[in-house]
Number of protein chains: 2
Amino acid sequence: MDVRTLCLGVLSLGDASGYEIKKRLESTFNHFYDASFGSIYPALNQLQKEGLVHCETEAQTNRPDKKVYNLTVDGQLKLVSELNNMLGRDRVRSEFLVAMLFSDLLPAGRIGDMIDRRLDELGKLVAELENREMKATPAQQFVAGYGRATYEAATNYLKENRYLVESEALLAQVSSDRFEVPD
Amino acid sequence: MDVRTLCLGVLSLGDASGYEIKKRLESTFNHFYDASFGSIYPALNQLQKEGLVHCETEAQTNRPDKKVYNLTVDGQLKLVSELNNMLGRDRVRSEFLVAMLFSDLLPAGRIGDMIDRRLDELGKLVAELENREMKATPAQQFVAGYGRATYEAATNYLKENRYLVESEALLAQVSSDRFEVPD
DNA sequence: TTATCCATGTAAGAAGTTACATGATTGA
DNA sequence: TCAATCATGTAACTTCTTACATGGATAA
């Protein structure tokens with residue numbers, strides 16, 4: 001999945017400029033995909049060259065012309081074909097889990113802070129997704145609900161199991177076999 | 001988080017060669033990080049230049065010498081410092097969710113297949129994590145359990161809500177407003 | 001008055017993957 | 001007989017991010 005396909009997807013929901021595509025990614029794909037302007041603008045130009053999108057320019061005063069893109073028939077077909085080939089596995093990059101894995105190298109208080117921060121983030125994500133589920137098509141509800149379900153599970157898990165990485169007693173046992181504390 | 005820090009982390013659990021680091025990533029970090037040989041070997045050489053790891057070469061017959069790495073004191077300090085700065089957000093890349101978001105552009109049967117495949121993958125991940133939780137330190141249990149909790153939540157969610165993207169009736173309503181079916 | 005919104009684009013750089021080179025041993 | 005395991009490394013390539021260029025209008 002590259003930014004080009006992502007743009008085709010957003011455009012299938014309605015015509016948009018590069019700027020608007022970025023905004024819509026933030027509000028709809030937020031929790032499982034994103035892209036910067038530096039990748040979106042070149043992607044759109046390339047899609048246009050390939051005839052997958054069509055562009056109409058609206059003149060504007062005091063700022064660059066707004067270029068509104070829409071899918072061509074070829075673009076629609078391309079999107080469907082890409083969707084059919086989405087067999088890739090999900091990939092997660094979690095600095096939080098890395099830190100937790102090595103929690104015995106950090107002070108217990110620091111771990112507690114990290115978990116609190118994470119719970120806070122999860123709470124915000126859940127609230128946002130709940131809100132999003134209201135004004136959405138069934139497919140959008142499904143995807144937002146999927147995110148909410150996993151975030152809620154993560155929240156509960158953290159609350160119930162944080163003692164595993166915060167207990168000084170457990171930590172001492174393990175870390176004595178690791179780095180020796182210098183004098 | 002780059003591959004260099006990942007290598008420092010694995011080495012903090014015990015000395016290892018580049019090859020072994022890859023294997024341990026697969027068995028321990030599998031569900032939230034990975035790296036290829038093409039990034040691990042250069043990372044180790046760079047870490048050695050910086051004095052963060054030390055290397056001992058074991059001669060072998062019929063294959064390249066095995067280079068076993070271990071953390072230096074500087075390496076240990078660097079790892080702790082990196083762990084303290086892990087404030088980055090989790091990022092998920094899910095082709096599955098992208099496909100679901102645009103499910104009204106695909107035949108309902110295809111969506112069903114994708115969900116079945118996904119349930120299968122999730123089942124395998126849960127089984128593997130359950131197994132891993134047995135023979136692990138508290139921190140490793142915590143991280144494996146976190147993964148298991150979210151995968152189980154995803155599994156239940158998919159089973160209970162798949163109708164949202166599989167129902168032909170719902171699909172027809174929505175997609176009639178999107179692409180027109182050509183003759 | 002400072003930040004954010006709008007609006008597009010380029011260039012340099014970071015960070016990684018894939019594919020290749022080499023090649024014996026072992027298990028299915 | 002075919003694939004996987006062990007073992008390191010390089011080079012080409014892909015892909016994306018960050019920072020910059022430009023700059024008025026508007027909201028806090």
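Throughout, protein chains are lettered first and strands after them, A, B, ... in sequence-line order, and every chain is numbered starting at 1. Side-chain atoms are counted along with the backbone in the values below, which use heavy atoms only and exclude waters and symmetry mates.
Panel note: side chain T72(B), backbone G51(B); a donor-acceptor pair is recorded below 3.5 Å.
A heavy-atom distance below 4.5 Å is found between the side chains of M86(B) and V98(A). Side-chain atoms of V143(B) and V165(A), non-hydrogen and from C-beta on, never get closer than 4.5 Å to each other.
Residue-to-nucleotide proximity on DNA chain D shows that, of K67(B) and K23(B), the 5′-proximal contact is made by K23(B).
In summary, K66(A) and E20(A) engage in a salt bridge, as defined by a charged side-chain N under 4.0 Å from a carboxylate O. Taking a cutoff of 4.0 Å between a charged side-chain nitrogen and a carboxylate oxygen, K22(A) and E26(A) qualify as a salt bridge. Salt-bridge annotation for E121(A) and K124(A): absent, with no side-chain N of the basic residue lying under 4.0 Å from a carboxylate O of the acidic one.
Applying the ring-ring contact (aromatic ring centres under 6.0 Å, His included) definition to pairs two or more places apart or across chains, those involving residues 111-149 of chain B are Y157(A)-F142(B).
Heavy-atom neighbours of K23(A) NZ from other residues, nucleotides or ligands within 6.0 Å: above the threshold of 12.
Hydrophobic clustering, defined by side-chain heavy atoms of Ile, Leu, Val, Met, Phe, Trp and Tyr closer than 4.5 Å, groups F37(A) together with Y19(A), Y41(A).
With rounding to whole Å, Y41(A) atom OH is found 18 Å from dA19(D) atom P. Distance I21(B) CD1 to dT5(D) P: 18 Å, rounded to the nearest Å. With rounding to whole Å, N45(B) atom CG is found 13 Å from dA7(D) atom C1'. Across the protein-nucleic acid pair, R24(B) atom CZ and dC6(D) atom C1' stand 14 Å apart, rounded to whole Å. Atom CD1 of I40(A) is separated from atom P of dC16(D) by 11 Å (rounded to the nearest Å). To the nearest angstrom, C1' of dT4(C) lies 13 Å from CD of E26(A). Across the protein-nucleic acid pair, Y19(B) atom OH and dT5(D) atom P stand 6 Å apart, rounded to whole Å. Taking atom CG on L44(B) and atom P on dT10(D), their separation rounds to 12 Å, with Å as the unit.
OP1 or OP2 of dA7(D) has at least one side-chain nitrogen or oxygen of K66(B) nearer than 4.0 Å.
Between the axis at the start and the axis at the end of the helix from dT1(C)-dA28(D) to dA28(C)-dT1(D) there is an angle of 60°, using five pairs per end and rounding to 10 degrees.
The heavy-atom pair separating R132(B) from T28(B) by the smallest distance is NH1-O, 3.2 Å.
Ranking dA7(C), dG9(D), dA7(D) by closeness to the E20(B) side chain, first place goes to dA7(D).
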For nucleotides 16-18 of chain C, tabulate all protein N/O to nucleotide N/O atom pairs closer than 3.5 Å, reporting atom names and distance.
{"unit_1": "dG16(C)", "atom_1": "OP1", "unit_2": "V3(B)", "atom_2": "N", "d": "3.1"}
{"unit_1": "dT17(C)", "atom_1": "OP2", "unit_2": "S36(B)", "atom_2": "N", "d": "3.2"}
{"unit_1": "dT17(C)", "atom_1": "OP2", "unit_2": "S36(B)", "atom_2": "OG", "d": "2.6"}
{"unit_1": "dT17(C)", "atom_1": "OP2", "unit_2": "S39(B)", "atom_2": "OG", "d": "3.2"}

Identify all pairs in which a protein N or O lies below 3.5 Å from an N or O of nucleotides 23-28 of chain C, and state each distance.
{"unit_1": "dA24(C)", "atom_1": "O3'", "unit_2": "N62(B)", "atom_2": "ND2", "d": "3.4"}

Side-chain donor-acceptor distances from residues 1-9 of chain A under 3.5 Å, at least two apart:
{"unit_1": "D2(A)", "atom_1": "OD1", "unit_2": "T5(A)", "atom_2": "N", "d": "3.1"}
{"unit_1": "D2(A)", "atom_1": "OD1", "unit_2": "T5(A)", "atom_2": "OG1", "d": "2.8"}
{"unit_1": "R4(A)", "atom_1": "NH2", "unit_2": "E50(A)", "atom_2": "OE1", "d": "2.6"}
{"unit_1": "R4(A)", "atom_1": "NH2", "unit_2": "E50(A)", "atom_2": "OE2", "d": "3.2"}

